[in-house]
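Letters A, B, ... are given to chains in the order of the sequence lines, protein chains preceding strands, and every chain is numbered from 1. A quick note: this is a predicted structure, and the numbers were derived from the prediction, not measured.
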Amino acid sequence: MNGLSMIAAMLPDGTVDPANDPGLSDGDLLAVHGKMTLLRALDEKGIALQRSGRIGFYVPSTGQEACAVGAGFRLREGDWLFPSYRDHGLALTRGYPLSTLVAQLFGNRSDATRGRQMPNHWCDRNIHLVSVSSPVATQLPHAVGTAYASKLRGEPVAAITTFGDGGTSTGDFHAAMNFAGVFRTPTVFLCENNQYAISVHVTRQTASKSLAVKAQAYGIPGIRVDGNDVLAVCKVVGDALALARSGGGPTLIEAVTYRMGPHSTSDDPTVYRSEEEVEQWRKGDPIRRYAAFLKKRGLLDDEAEDTAQAEAKEAVRQAVSDAEISPPVPVESLFEDVYEEMPRHLAEQRDGLLSGKG
Amino acid sequence: MNGLSMIAAMLPDGTVDPANDPGLSDGDLLAVHGKMTLLRALDEKGIALQRSGRIGFYVPSTGQEACAVGAGFRLREGDWLFPSYRDHGLALTRGYPLSTLVAQLFGNRSDATRGRQMPNHWCDRNIHLVSVSSPVATQLPHAVGTAYASKLRGEPVAAITTFGDGGTSTGDFHAAMNFAGVFRTPTVFLCENNQYAISVHVTRQTASKSLAVKAQAYGIPGIRVDGNDVLAVCKVVGDALALARSGGGPTLIEAVTYRMGPHSTSDDPTVYRSEEEVEQWRKGDPIRRYAAFLKKRGLLDDEAEDTAQAEAKEAVRQAVSDAEISPPVPVESLFEDVYEEMPRHLAEQRDGLLSGKG
Amino acid sequence: MPQATLLQAIHDTLHEEMARDPRVLVMGEDVGREGGVFRVTEGLIDRFGPDRVIDTPLNEGGIVGMAIGMALNGLRPVVEIEFADFIYPAFDQIVSELAKLRYRSAGLFTAPVVVRAPSGGGIKGGAYHSQSPEAYFIHTAGLTVAMPSTPADAKGLLASAVRGPDPVLLFEPKALYRTVKGEVPEGEHLVPFGKGRIVRPGEDLTLVAWGAMVPVASMAADLAAAEGVRIEVIDPRTLWPLDIALIEESVNRTGRAVVLHEAPRTCGFGAEVSALIQERCFLRLKAPVGRVTGYDTPFPYALEKSYLPDPEKTACAVRAAMEF
Amino acid sequence: MPQATLLQAIHDTLHEEMARDPRVLVMGEDVGREGGVFRVTEGLIDRFGPDRVIDTPLNEGGIVGMAIGMALNGLRPVVEIEFADFIYPAFDQIVSELAKLRYRSAGLFTAPVVVRAPSGGGIKGGAYHSQSPEAYFIHTAGLTVAMPSTPADAKGLLASAVRGPDPVLLFEPKALYRTVKGEVPEGEHLVPFGKGRIVRPGEDLTLVAWGAMVPVASMAADLAAAEGVRIEVIDPRTLWPLDIALIEESVNRTGRAVVLHEAPRTCGFGAEVSALIQERCFLRLKAPVGRVTGYDTPFPYALEKSYLPDPEKTACAVRAAMEF
Ligand SMILES: Cc1ncc(C[n+]2csc(CCOP(=O)(O)OP(=O)(O)O)c2C)c(N)n1
Ligand SMILES: Cc1ncc(C[n+]2csc(CCOP(=O)(O)OP(=O)(O)O)c2C)c(N)n1
Ligand SMILES: [Mg+2]
Ligand SMILES: [Mg+2]
């Protein structure tokens, strides 16, 4: 827990390091693979939808599926989720319905949040997935406050928040980590260090020896984990969640991974990084690594893998075609939800717009 | 440099730990005592002036003289100063004229900054003492940028900034430390951990094991020093400044000390801390400790000590009586220095006020 | 009805609300043992303990951000910003998060946080202990911004804020904390948001003022009365959403209006009030809507008295409107 | 004169100013190799190197704070905020430090920092990539706030900012970055702050608009012209300090005025312009000063088109003023 050495679980020989084994059943091991596969299929579709102009924007998490799924797999009912815009996988794994997720991309009437935000700004009351916003790391203090509330009421639940390497530079990261340390809130800070904040490499983001060591500045444990090793992520996040739920306070986890695709559909990563670098990391693709591991364990074969991929694609395709046909959100909804009750000035503005008077 | 062990210089037997000896001449050793004594006299007068209604406010540094003077003694021409409101001692030691300093307290025509700010918001162009403001720690990023500029031009100077334990919790601390680490700017961060941020004890401010360990989050050296040991402060700050000036980058220094008086003249510390605690620290009064050390070394005796105190008092008295007689700042100055040239709207507002039309 | 200072009224209301509802808590710098630098939260920690009277580290963004998290998970945090001048480190959390959570989540999540901040000048606090930043938040869609000028309104607005469904910023005129005394209704007393108050009726000119400017307005009205001009003083109490109907009705009657505030003139709330009045009462206006405000400079120290609006400056603007 | 897009004009001006003066540097998130997310700083790093084209860590407060330190020590930093919506983490550094340094130090220290930020809607950027926060900074004493609507003005304002003695916030209408093309004077071209521009002369109504609303205003003027109404369109270019003389002269001639902006209406800069006009042109006004603005809601995603002012809404307000 010095925040420097890297925790791994899947060993090259197909076994799991007993010290870091999350102890999943064979069924769960396959379910993890299913979620990762679904996530990848979703990203491919998301990008394609944007390219063809059917949605406006998309943020893929390709290459980071082990973080999202490994962490999401340890979340329980009652826990709170404060992910970044890149972490639909966390929510999906926890139970965010694919249909709701896909509907958000279209921002039409089927979107539970009424087209209020760009794609990838998720929200779901049932699983305590708190509305994602665009400013980097603003959700971190929320995860501290929410956890404080749960703790005050004596509920054995945790709040998890995810963010990137760039997020560690923000004032909100500093505030949230420090408050979590002082108030010992049941908060798990999962930093997905994907090496880049858009074009800025993590070595330019901070001079610290690792991101996990930053935990020392707040008197909380800092753990570094191979973020492309889904079992290792599952283990350390599971432990941190358990610690939090049982009153042991917060943990910072740095999951070392790589953003294999662009920052978003607006980004062209070839401007700032080499194909060789990407290729190097592609070899460690978390899904391929995990599939190889499952195959060595005899839990998966090529055929089952193909089936999983086909099923994932079909599920996404179905969700898209369901969502896409929904009509646009009604114009008057523009003025709703600013306050619980619409005040006079907004009613006047609404009437102006609807009457064509502006 | 793990940020946990505490560096000291003055040993109980009157000798100096050779490893931490700043190597001051006898004359300098006495000059240090003179500055500390002056600072104490100034604080006593400042509080008295406020109590008698002759100035509006005062922030004493009583108990922290070793930090201010030890650090200030190592500053050179060309260096930049970004102190907190509590660190007039740093500036005074560096060469801020006592008369200018005292005039600021009165905010009248003799105040170089035209009565624009409350007492203790110092500013002096000659010694690069950059105008102090009230928000905690906003000066830290400035000390990084200024140092960057000096470095870009290849000047062998450093920027020092001082702040309190409370200041380490701010977003600006985080930003400044991180930027300094990334850009390796010649900045010395001197945190005077006086145990309190107004009423909040440092253990409630952060759960980190020390404040100096926070440096690890930014990949820069973190040093913990006995802040009531003026020679130790002089040594570590001197080393950090030298490192900075020679291109070695930034350092965080935590000087462990105690605010013996109130936070400011508006504060009543008996509400939140015990007399026993204060008494305990008073025993380690940095001036008394240093005087005892000088006496053991044969550099000071009771008589010389009394003389130093009397001279300090007289210097302060003289500065006060000079400043106090100055007339108030002219009303029209209210509208000046908002921009370099006064725009029309401010000229109109000025004319309105001067003509009695508001 | 018992008499109390504005400060006492706020203190007592916090006490009552915390006693009434265990979800209510207060948090901020020095609010615990110290009771806040103005002593508004004095003694609350003895009654409700440190888990509900929370001394926080020095980070306003963290305080508001943490409060948002608490509020969306069922608590009713009342945040104290030590001085309104130090609300800016929390600006992003307030503008990007607090104000927008309900909208962006289509009501799935809400954050009914109350932010209290002593604001305004009059205590020789200089550039950083005197500001009146209300306009920044009025311009931010999704917030309710209120400022009491009497102990009773302080109680009523604070109680409404603590019980209401939406985030509220309550700026407390620190100059009035101990200088204004008045009757405070016992028991439940809620002042609804968006309802102004006629402080003093009059027929010749409508003077809109809030916070510490309300007593200044009243003094100006006295000065004007000596010159035979009857001023109607309106305290909107809630700055936004504004009780424009009350102002409109008044100006339609008087035909003249002046707005009075401490904040710098340009893009201050006075500009909005002025714009609204001329939009709605154009044909009734006998003179342009006047503004008496702080100047467009940082808040000064030595020249505070010259900077602040006062009854004389206000009377001048009234005269200008009457003689137009 | 060569033609360029607004984006190209800004890029070229940065290049020229950096070549002219070694003290000038640019800094911000992704401004280096990436050339900024909009590519405004593309290629600058190749020419001027990473010490003067500085990719910073992700912290806007740190960026502006560091720039203040640079500026007070002789450099001329030009900061890029990736989107104006992300300027709020720097709000404290801008409002408490940048705006006040000259005043509080009585001119002993100054910080001529230029802050550039792409602002406004029109790119389907939703709540956090579309905001127009200019009013916050206009309300802050000590700042100069400008917004170009043409490539030539972009060059002239940016060059004036880089060479000027005071901090300047330059909001760049991102919707116009690549959609507006125009002539850009070669060599030195400075647009002085505080001088507006008559975009199109007219006799019947004065329409004040800035940034991406200037083309909207022109289109509205076309619509009005078809109805026989001759609109004078004024682009103040510098929002503050405002060229009120130009507007005053125009409104005194036309007797009617409408202000047009993207930001939410309440306490937007339109309120100030409206207040100023009615204060100065009261007797000449034949109708209330109208406002066409963004609504008082967070910036929406799906309904962006409904949210933004457009020529039709503007024409409506013009009609209302003409028929009043
Ligand atoms: C406060 C703020 N500043 C700037 C941006 C623009 N921006 C969007 S994502 C991003 C990089 C984030 O990098 P990181 O935190 O590493 O997360 P990742 O995208 O790699 O998952 C930036 C600078 C923003 N969204 N918020
Ligand atoms: C941003 C900000 N928040 C709150 C305050 C009010 N305040 C003034 S001093 C202070 C405590 C500072 O403590 P510390 O940093 O330890 O410095 P010390 O006063 O002990 O030297 C606080 C909270 C402030 N000045 N600035
Ligand atoms: Mg990243
Ligand atoms: Mg302290």
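- The closest donor-acceptor contact from the side chain of D:R76 to the backbone of D:G164 lies under 3.5 Å.
- Ring pair B:F189/B:F173: centre-to-centre distance not below 6.0 Å.
- Under the 6.0 Å cut-off for aromatic ring centres, D:F137 and D:F91 qualify, their centroids lying closer than that.
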- Message: Set out, in order, the CA-CA distance, both residues' side-chain angles and the distance that settles side-chain hydrogen bond (donor to acceptor under 3.5 Å, both in side chains) for B:S169 and B:Q205, then state yes or no.
- Response: CA-CA 7 Å; B:S169 292; B:Q205 193 64 245; 2.7 Å; yes
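- Heavy atoms closer than 4.5 Å to chain B are found nowhere in D:L58, neither backbone nor side chain.
- Using a 4.5 Å cut-off between heavy atoms, D:A245 contacts chain B through both its backbone and its side chain.
- Heavy atoms from other residues, nucleotides or ligands lying under 6.0 Å from CD of B:E332 number more than 12.
- Taking the six-membered ring for Trp and the full ring otherwise, the centers of B:W80 and B:H142 sit at least 6.0 Å from each other.
- Both the backbone and the side chain of B:L334 come within contact range of chain D, with heavy atoms under 4.5 Å apart.
- Only the side chain of B:Q117 comes within contact range of chain D, with at least one heavy atom under 4.5 Å from a heavy atom of that chain.
- Of the listed residues (D:E97, D:K100, D:R23), the one with the most heavy-atom contacts under 4.5 Å to chain B is D:E97.
- Between B:W122 and B:H88, the two ring planes are tilted [angle within 30° to 60°].
- Heavy atoms of D:P112 lying under 4.5 Å from chain B are absent altogether.
- For chain D, the nearby parts of B:S150 are the backbone and the side chain; heavy atoms of each come within less than 4.5 Å.
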- Message: Applying salt bridge (charged side-chain N to carboxylate O under 4.0 Å, His left out) to B:D79 and B:R245, what does each step give before you reach the verdict?
- Response: CA-CA 9 Å; B:D79 288 341; B:R245 291 187 198 111; 2.7 Å; yes
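- Residue with the most contacts toward chain D among B:D124, B:V182, B:N178, B:V130: B:V130 (heavy-atom pairs, distance under 4.5 Å).
- Other residues, nucleotides and ligands contribute more than 12 heavy atoms inside 6.0 Å of the CZ atom of B:R125.
- Without hydrogens or angle criteria, B:K151 side chain to B:F183 main chain gives a donor-acceptor distance under 3.5 Å.
- Interface check for chain B: of the options D:R102, D:M70, D:Q93, the most heavy-atom pairs under 4.5 Å are formed by D:R102.
- Heavy atoms of D:D55 lying under 4.5 Å from chain B belong exclusively to its backbone.
- Taking D:P22, D:S105, D:G61 one by one and counting their heavy-atom pairs under 4.5 Å with chain B, the maximum is reached by D:S105.
- Considering only heavy-atom pairs separated by less than 4.5 Å from chain B, the leading option among D:I68, D:V64, D:T144 is D:I68.
- The choice from D:I63, D:D92, D:L108, D:T56 that makes the most heavy-atom pairs within less than 4.5 Å of chain B is D:L108.
- Interface remark: D:D51 contributes backbone and side-chain atoms alike to the contact with chain B (heavy atom separation under 4.5 Å).
- Neither the backbone nor the side chain of D:L242 comes within contact range of chain B, judged by heavy atoms closer than 4.5 Å.
- In terms of heavy-atom pairs under 4.5 angstrom with chain B, the leader among D:L72, D:L101, D:I244 is D:L72.
- Heavy atoms closer than 4.5 Å to chain B are found in the side chain of D:S96, but not in its backbone.
- Electrostatic pairing of D:R197 and D:D153 counts as a salt bridge here, judged by a charged N lying under 4.0 Å from a carboxylate O.
- Interface remark: D:T110 contributes no atoms to any contact with chain B (heavy atom separation under 4.5 Å).
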